[in-house]
S.K.: 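Let me begin by handing over the structure; questions about it come next.
In what follows, every chain begins at residue 1, and chains take the letters A, B, ... in the order their sequences are listed.
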Amino acid sequence: MFQMQSLIFLNLVLILFLSACDPVKKSTLSTSPENSYKAPAWNSPFLKDFEKALFRTSLDVADKHLTGISIIKRTSDSSFHFTFANEIGMTYFDMEIFRNKYKPDYIFDPINKKSFLKILQRDFAILFFSESPGKQPLRKYLQKGSGEVVYLYLGLKLYAWMDTKQNTLTGLVGWSNYVDAVIVSFKEYDHGFPNEIRIVNPKIKMILTFNFLGH
Amino acid sequence: MKTAESLILVTILQCLCMVVQVQAQTKPLSPADALEVRKRISDASKTTGSLEAQFTQTKELSVIKEKIVSKGNFYFKKEKLLRWEYTEPFPYLIIFNNDKIFVKDEDKENHISLQSNKVFREVNNILIGAVQGTLLSDTKNFECNISDLHDQYLASMVPVNLRIKETLSEIILYFNKTDYTVDKFVMREVSGDYTRIEFSGKKINQNVPDAKFNIP
């Protein structure tokens, strides 16, 4: 009996701790009136049939503003290749991204910092590999204003925004602690793929924007 | 075992064929001929007051075997006025006007001073030097070898400057044998990727308005 109480207490502490780290402002959301939170299946636009895409790309981080063209190519079930070069053709990034690691082929020296690349890898992992888990979400909200449905998967430390009319994924927020969050938004879907993808990492003040150019 | 030996033999033969092919394409110039070609390129550069052309830029990505192709218009006017106007896959503009650089993408304009930005200064020197052919005499930063390639002369520029060496392993300039202007140039990066810029529809010494190089 005592063990059971301890377990409940531990779970409660864990939920409180995870909730305390939650980067999403609850004042922007309203609680869904439903009692059960059945979420439809969803996945990142980079999963399923994605092979490769060309983007107009800009990266703002610290005092740097880098622009150019990038290619994201799926190289296996568990990896993507990301190459970003400026307009004249000089490479900034050339790296393989996995769920939990990255393999740099070439990184432009002024941005070749291990800590930055690790954060970038984690942000990309959320962008590339996120999909609805087997478990149902812990909470369901409605985004004030837009009416998008928001699912909270607390165990995964992930929020997913859905436009239920179009049945498209419009946003993701993932975090490991309060100061380490990443906000991904998908805008203007056309033939199942967003025209704009934006990754914002408030911790390092990074904004990475992809504007779709073609497959 | 026999299969392994055969494979090795075939691989060696293939390598030999490739070497022979490359050698057949380019013929190194004798020191006297190289000097003569340098002089002609230098003379052409002296008489080229302006140049206008279209360009096609192809970036070859070695790891994923993909290409990125961009196109646009190019304008040069002596001494240090350069306008790279990308039209595809999206509009993008770079103007080099003496010591200033102006960059305009869709929604942002950026002014850069060459004096305060070493990287852009080197890019500027390389681009203007490549277009004018003056890069050949930049012995402080490059080691140059000229060879004959059918209807073009090929100048291989290997950086000796450590800072340039960090990014570029080689720049190859292709000079037209008729007018000694640059037909194309290739920038090989240390990553193994390379960017090829090819000019077409060249107009030499036509009236390029100064307004093309105005920085707002």
S.K.: More than 12 heavy atoms of other residues, nucleotides or ligands under 6.0 Å from CD of B:Glu143: is that the case?
M.R.: no
S.K.: Say whether, by atom type as modelled, one donor and one acceptor occur between the side chain of B:Gln57 and the main chain of A:Ile88 under 3.5 angstrom.
M.R.: yes
S.K.: More than 12 foreign heavy atoms under 6.0 Å from NZ of B:Lys203: is that the case here?
M.R.: no
S.K.: So does A:Lys144 have more than 12 non-hydrogen atoms from other groups sitting under 6.0 Å from NZ?
M.R.: yes
S.K.: Are there more than 12 heavy atoms of other residues, nucleotides or ligands under 6.0 Å from atom NZ of B:Lys78?
M.R.: yes
S.K.: Can you tell me how far apart NZ (B:Lys59) and CE (A:Met90) are? Round to the nearest 0.5 Å.
M.R.: 7.0 Å
S.K.: Quick one: pull up CG in A:Leu213 and CD1 in B:Ile68 and give me the separation to the nearest 0.5 Å.
M.R.: 9.5 Å
S.K.: Is chain A contacted by the side chain of B:Val103, its backbone, both, or neither, given a heavy-atom distance below 4.5 Å?
M.R.: neither
S.K.: Quick check for you: among A:Thr83, A:Thr67, A:Ile69, A:Leu54, which has the greatest number of heavy-atom pairs under 4.5 Å with chain B?
M.R.: A:Ile69
S.K.: Around atom NZ of A:Lys101, are there more than 12 heavy atoms from other residues, nucleotides or ligands closer than 6.0 Å?
M.R.: no
S.K.: So does A:Thr91 get a backbone contact from the side chain of B:Glu189, meaning a donor-acceptor N/O pair under 3.5 Å?
M.R.: yes
S.K.: Any non-hydrogen side-chain atom of B:Lys108 less than 4.5 Å from a side-chain atom of A:His65?
M.R.: yes
S.K.: B:Ile64 pairs by side chain to side chain contact (heavy atoms under 4.5 Å, CB included) with which of A:Asp94, A:Asp105, A:Ile72, A:Ile71?
M.R.: A:Ile71
S.K.: With a 4.5 angstrom heavy-atom cut-off, which part of B:Asp193 approaches chain A: side chain, backbone, both or neither?
M.R.: side chain
S.K.: Heavy-atom count around A:Asp49 CG within 6.0 Å, excluding the residue itself: above 12?
M.R.: no
S.K.: Tell me whether B:Lys202 at atom NZ has more than 12 heavy atoms from other residues, nucleotides or ligands lying less than 6.0 Å away.
M.R.: yes
S.K.: Nearest 0.5 Å please: distance from the NZ atom of A:Lys73 over to the CG atom of B:Leu61.
M.R.: 9.0 Å
S.K.: Give the minimum heavy-atom separation between A:Tyr106 and B:Glu166, together with the two atoms involved.
M.R.: OH-O, 4.1 Å
S.K.: Indicate the atoms forming the closest heavy-atom contact of B:Tyr86 with A:Glu87, along with that distance.
M.R.: OH-O, 3.3 Å
